[in-house]
Amino acid sequence: MSVELQRLTEKLLVHLQTPLSADDDERDKTIADVSLILESRNKEIQYTDPKLMEKADIEKLINQDKLLKQLLDTYLSHIKSDIKALSAKKQRRHTYSQGISMSYQSGFFIDKKSK
């Protein structure tokens, strides 16, 4: 296996095994770092000829790839839940600032704003 591919894979595993920070700037930096490492790793995989690799190295790479996929899915679900919570918070803030509560029933909107 390519030394560079192994180094990038291990670096990516270390990044993904640390939990995402609650700080927005730190989280953005972590996501950017992971994206950059993923791009570099994908390029390295494209340039690596599997015919020149040993069977054990290929199996190790496949197992690491499965682990990476699981960790990336965990990161993605965490980010999705944060986005969902943020949009719900924005919706509540907008409803509060407007003082209007609307509901949808039978094809028309009912405005529940008290006057």
Side-chain angles (χ1 to χ4, degrees):
M1 179 181 331
S2 166
V3 175
E4 182 66 15
L5 179 59
Q6 183 63 32
R7 185 187 68 79
L8 288 171
T9 302
E10 290 173 2
K11 188 175 180 180
L12 191 57
L13 284 170
V14 168
H15 268 291
L16 292 176
Q17 289 174 347
T18 58
L20 278 174
S21 173
D23 181 35
D24 290 339
D25 293 334
E26 187 67 30
R27 180 180 304 167
D28 290 344
K29 183 184 179 304
T30 302
I31 292 171
D33 289 346
V34 167
S35 296
L36 186 64
I37 296 169
L38 276 173
E39 288 176 18
S40 300
R41 184 175 178 273
N42 286 338
K43 287 179 185 176
E44 191 66 33
I45 288 173
Q46 289 176 354
Y47 294 128
T48 302
D49 187 11
K51 295 174 187 172
L52 301 177
M53 294 174 63
E54 294 181 21
K55 196 168 208 162
D57 289 338
I58 293 173
E59 290 176 11
K60 181 179 179 183
L61 187 61
I62 290 171
N63 290 334
Q64 287 177 332
D65 199 49
K66 289 177 183 177
L67 178 61
L68 285 174
K69 182 168 175 24
Q70 291 174 348
L71 293 171
L72 285 170
D73 287 342
T74 303
Y75 260 49
L76 182 62
S77 65
H78 185 66
I79 292 169
K80 282 181 179 181
S81 67
D82 286 348
I83 290 172
K84 190 175 183 178
L86 180 63
S87 77
K89 183 178 178 181
K90 286 172 78 175
Q91 179 64 34
R92 285 191 304 271
R93 186 175 294 150
H94 178 70
T95 301
Y96 177 76
S97 68
Q98 295 296 320
I100 299 173
S101 176
M102 298 180 74
S103 64
Y104 181 75
Q105 294 177 345
S106 301
F108 58 91
F109 286 98
I110 300 171
D111 185 4
K112 296 181 181 177
K113 183 175 180 180
S114 60
K115 293 183 181 186

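A quick note: this is a predicted structure, and the numbers were derived from the prediction, not measured.
A distance of 11.0 Å separates OG1 in T74 from CD1 in I79, rounded to the nearest 0.5 Å. Taking CD of E26 as the start and CG of D28 as the end, the distance is 9.5 Å to the nearest 0.5 Å. Note that the NZ atom of K80 and the CG atom of D73 stand 9.0 Å from one another [nearest 0.5 Å]. Going from atom CD1 of I37 over to atom CZ of R7 covers 8.5 Å, rounded to the nearest 0.5 Å. Note that the CD atom of E44 and the OG atom of S40 stand 9.0 Å from one another [nearest 0.5 Å]. For the atom pair NE2 (H15) and CG (L72), the distance works out to 12.0 Å, reported to the nearest 0.5 Å.
Using a 4.5 Å heavy-atom cutoff, the side chains of K43 and L8 are not in contact. No side-chain heavy atom of T48 sits less than 4.5 Å from a side-chain heavy atom of L61. Between K11 and R41 there is no side-chain heavy-atom pair separated by less than 4.5 Å. Using a 4.5 Å heavy-atom threshold, the side chains of K66 and Q70 count as separate.
Closest non-hydrogen pair, L68 versus L13, comes out as CD2-CD2, 3.4 Å. Closest of all the heavy-atom pairs between Y75 and T30 is OH-CG2, 4.1 Å.
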Query raised in the report: Can K29 and D33 be said to form a salt bridge (charged side-chain N to carboxylate O under 4.0 Å, His left out), step by step?
Result: CA-CA 6 Å; K29 183 184 179 304; D33 289 346; 3.1 Å; yes

Query raised in the report: Do D65 and K69 pass the salt bridge (charged side-chain N to carboxylate O under 4.0 Å, His left out) test, and can you show the C-alpha distance, the side-chain angles, and the key distance before you say yes or no?
Result: CA-CA 6 Å; D65 199 49; K69 182 168 175 24; over 6 Å; no

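Both M53 and I62 are assigned to one and the same hydrophobic cluster, defined by single-linkage of ILVMFWY side chains at heavy-atom distances under 4.5 Å. Two different hydrophobic clusters hold V14 and L5 under the rule that ILVMFWY side chains link at heavy-atom gaps under 4.5 Å. No continuous path of hydrophobic side-chain contacts links Y47 to L12 [ILVMFWY only; heavy atoms under 4.5 Å].
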